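Input: a single structure, listed below in structure tokens.
Since the model is a prediction, treat every value here as computed from it, not as a measurement.
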Amino acid sequence: MMKPIFGYLLVVLVMLPFISCEMNLMEEEHYKKVIYLKSGDNNIFDYPHAMNDSVTTGYVTVGSGGSMPFTEDLFVTLEMDYEALERYNYRNYGNDLNKYAQLLSPDRFVFPSFDAHIKAGEPSATTFVPVEIDANGLSPDTIYMVPVRIKSAGNVEVNEEKNFVLYRIQLVNKYSSATSRTYKMRGTKLPDGSYVSNITTNKIISPLTHNQVRLFPENLTTSATLETINNTAIVLVINDDNSVRVKPYKFIQVEQLDDCHYDPEKKEFTLNYRYRRPSDTRWTTVFETLTRLE
């Protein structure tokens, strides 16, 4: 009986140094402090910017990991990372340049400072680096990004997978945003010389300015090719009194037929117009209501 007990004790004594070493490594990993830039898939970080005729401010988020707080204040410095955007485009789209995300023009953004300050004493602390963006006049058909990376973080380790971020500008106005731009459409259409038919579909409405949005007439295709957009899309101009003017986006012909308006309480457009695309030989008259889906 004594031999098995002695054997077990001997094994425990032999394993103790290894168990202690492993626990120390786990503890070191648990308490290790790491700095990173917050982002999602492909290191993309979306931020909404309003098309409101003025500059709006967004934020790059600097985060920290580890269960123990910093014992001293930490200063993190960012810098531009143009190569990160080039890598992203080539990795995702190869030589299809038409799909490339575009670097936001330098005259449209400003970092008042690339420096961030994380105060001592707070575990998993987060801080923010502001960036001022002029989104007015940007196209809803283009993806705009501002790529930045961590330049320095003192003696603290930087997460190599999250050491840069592709800050993506999401265009927003009162009537459309990246997370709420779908409208339920119900109405009728009447091609010249034909019969009235009921139409229903879900529509995507894209912001153009603070009081203008773009969409396709009735239930036509929502193809994303520029040719289709230029030949088919129409624009709604929402006035201060919520009356609406319907006009062409590019090459389509469109005529407003009756009172068109927007109901801010229902978040609903009521439209009456007729249109003719460059390829059409006759006009089509449309009456529709568009109710925002949220």
Side-chain angles (χ1 to χ4, degrees), residues 31-93 100-140 142-173 177-179 207:
Y31 292 121
K32 182 171 63 175
K33 301 176 182 64
V34 178
I35 294 296
Y36 64 92
L37 297 181
K38 182 180 179 181
S39 64
D41 293 341
N42 291 311
N43 290 73
I44 293 174
F45 182 72
D46 290 323
Y47 204 97
H49 285 272
M51 308 178 84
N52 58 6
D53 295 334
S54 64
V55 171
T56 55
T57 301
Y59 299 90
V60 175
T61 305
V62 182
S64 63
S67 61
M68 297 297 290
F70 291 104
T71 56
E72 297 180 350
D73 285 5
L74 176 66
F75 294 92
V76 180
T77 301
L78 308 185
E79 65 180 355
M80 298 300 299
D81 188 4
Y82 303 109
E83 292 182 358
L85 180 56
E86 294 175 3
R87 292 194 303 269
Y88 166 81
N89 279 329
Y90 190 76
R91 182 174 65 250
N92 288 278
Y93 307 115
Y100 274 28
Q102 301 299 309
L103 174 69
L104 185 64
S105 175
D107 62 359
R108 285 188 170 272
F109 71 91
V110 172
F111 283 92
S113 172
F114 275 116
D115 297 326
H117 178 202
I118 295 180
K119 295 181 179 180
E122 182 180 349
S124 299
T126 299
T127 190
F128 307 94
V129 177
V131 54
E132 298 172 355
I133 302 286
D134 180 7
N136 299 291
L138 295 182
S139 170
T142 301
I143 297 172
Y144 300 97
M145 290 183 173
V146 178
V148 295
R149 68 184 176 194
I150 297 174
K151 179 181 181 180
S152 63
N155 296 323
V156 177
E157 180 180 338
V158 175
N159 184 325
E160 291 302 318
E161 294 183 357
K162 292 289 185 178
N163 66 348
F164 73 95
V165 65
L166 300 173
Y167 183 98
R168 183 164 62 184
I169 290 86
Q170 298 283 4
L171 302 179
V172 175
N173 68 11
S177 69
T179 57

Taking the side chain as every heavy atom from C-beta outward, state whether [X] and [Y] have any pair of such atoms under 4.5 Å apart.
X	Y	result
Tyr100	Tyr88	no
Asn42	Asn92	yes
Arg149	Glu79	yes
Ile150	Val76	yes
Ser64	Lys33	no

Interatomic distance, Asp41 atom CG to Leu166 atom CG [nearest 0.5 angstrom]: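 Taking CG in Asp41 and CG in Leu166, the distance rounds to 12.0 Å.
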Heavy-atom closest contact (Val165 atom, Lys38 atom, distance):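 The answer is CG2-O, 3.8 Å.
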Distance-minimising heavy-atom pair for Ser139 and Leu171: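 Taking every non-hydrogen atom into account, O-CD1, 3.7 Å.
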Arg87 to Tyr82 six-membered ring, cation-pi geometry met (6.0 Å, 45°):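 Ring-cation test returns no.
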Is it true that, when you exclude [X] itself, more than 12 heavy atoms of the residues, nucleotides or ligands shown sit nearer than 6.0 Å to its [atom1]?
X	atom1	result
Tyr90	OH	no
Glu132	CD	yes
Glu83	CD	no

Below 3.5 Å, can you tabulate the donor-acceptor pairs from side chains in residues 154-161 to any protein atom, sequence neighbours excluded?
unit_1: Asn159; atom_1: OD1; unit_2: Glu161; atom_2: N; d: 2.8
unit_1: Asn159; atom_1: OD1; unit_2: Lys162; atom_2: N; d: 3.3

Contacts table for residues 44-54: side-chain donor-acceptor under 3.5 angstrom, sequence neighbours left out:
unit_1: Asp46; atom_1: OD1; unit_2: Arg168; atom_2: NE; d: 2.5
unit_1: Asp46; atom_1: OD1; unit_2: Arg168; atom_2: NH2; d: 3.1
unit_1: Asp46; atom_1: OD1; unit_2: Gln170; atom_2: NE2; d: 3.1
unit_1: Asp46; atom_1: OD2; unit_2: Arg168; atom_2: NH2; d: 2.9
unit_1: Asp46; atom_1: OD2; unit_2: Gln170; atom_2: NE2; d: 3.4
unit_1: His49; atom_1: ND1; unit_2: Thr56; atom_2: OG1; d: 2.8
unit_1: His49; atom_1: NE2; unit_2: Tyr167; atom_2: OH; d: 2.7
unit_1: Asn52; atom_1: OD1; unit_2: Ser54; atom_2: N; d: 3.2
unit_1: Asn52; atom_1: OD1; unit_2: Ser54; atom_2: OG; d: 2.9
unit_1: Asp53; atom_1: OD2; unit_2: His210; atom_2: ND1; d: 3.3

Worked verdict on Leu78 versus Val60 for side-chain contact (heavy atoms from CB on, under 4.5 Å): CA-CA 10 Å; Leu78 308 185; Val60 175; 4.1 Å; yes
Test log, rule side-chain contact (heavy atoms from CB on, under 4.5 Å), inputs Val129 and Thr61: CA-CA 7 Å; Val129 177; Thr61 305; over 6 Å; no
Worked verdict on Leu104 versus Ile169 for side-chain contact (heavy atoms from CB on, under 4.5 Å): CA-CA 9 Å; Leu104 185 64; Ile169 290 86; 3.9 Å; yes
Side chain Arg108, main chain Asn136, donor-acceptor under 3.5 Å: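 The answer is yes, because a donor-acceptor pair under 3.5 Å joins these two groups.
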Side-chain donor/acceptor of Asp115 to backbone N/O of Thr77, under 3.5 Å: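 Answer holds: no.
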Worked verdict on Thr126 versus Val62 for side-chain contact (heavy atoms from CB on, under 4.5 Å): CA-CA 6 Å; Thr126 299; Val62 182; over 6 Å; no
